[in-house]
Student: 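Structure provided below as structure tokens; questions to follow.
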Amino acid sequence: MAKVVKKGKSGPSWVGMKLKCPHCDCTFKLERGDRVETVPDQRDGDYYKVSCPECHGMVTKSVSPSVSWDPMDR
């Protein structure tokens with residue numbers, strides 16, 4: 001039997017991510033099988049969109065940490 005030297009990715013990058021609903025203040029953890037939509041956004045950056053398991057309100061989370069850019073920083 002083969003021995004695993006280094007584990008591979010266990011799923012999408014959002015698996016295990018904790019989110020807090022801005023509507024009902026529920027905190028929940030995303031798991032495999034959850035319906036998570038990746039929304040492309042050129043201006044503000046791509047984000048994940050998911051429904052809160054308690055109030056079913058829309059919860060969003062940036063795919064990558066945002067980088068602020070000030071045009072005056074030259």
Student: Check for me, please, whether Y47 and M17 land in the same ILVMFWY cluster - side-chain distances under 4.5 Å, paths through other members count.
Tutor: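 No, Y47 and M17 fall in different hydrophobic clusters.
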Student: Using atom types as modelled and distance alone, determine if a side-chain donor or acceptor of D34 lies under 3.5 Å from a backbone N or O of V36.
Tutor: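 Here the side-chain-to-backbone pair does not exist.
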Student: For the residue pair V15 and L30, establish whether any side-chain heavy-atom pair is separated by less than 4.5 Å.
Tutor: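 No - every pair of side-chain heavy atoms lies 4.5 Å or more apart.
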Student: For L19 and K61, work out which heavy atoms get closest and say how close.
Tutor: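 Between these two residues, the closest heavy atoms are CD2-CB, 3.6 Å.
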Student: Between atom OG1 of T38 and atom CH2 of W14, what is the distance when rounded to the nearest 0.5 Å?
Tutor: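 Going from OG1 on T38 over to CH2 on W14, the span is 8.5 Å.
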Student: What's the spacing between D46 CG and T60 OG1 if we round to 0.5 Å?
Tutor: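 These two atoms lie 12.5 Å from each other.
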Student: For a side chain to side chain contact (heavy atoms under 4.5 Å, CB included) check, start with the C-alpha distance between Y48 and S62, then their side-chain angles and the critical distance, and finish with the verdict.
Tutor: CA-CA 6 Å; Y48 298 120; S62 176; over 6 Å; no
Student: List the atom pairs, with distances to 0.1 Å, where a side-chain N or O of residues 21-29 and a protein N or O form a donor-acceptor pair under 3.5 Å, not counting sequence neighbours.
Tutor:
{"from": "H23", "atom 1": "NE2", "to": "M58", "atom 2": "O", "distance (Å)": "3.4"}
{"from": "D25", "atom 1": "OD1", "to": "K20", "atom 2": "NZ", "distance (Å)": "3.3"}

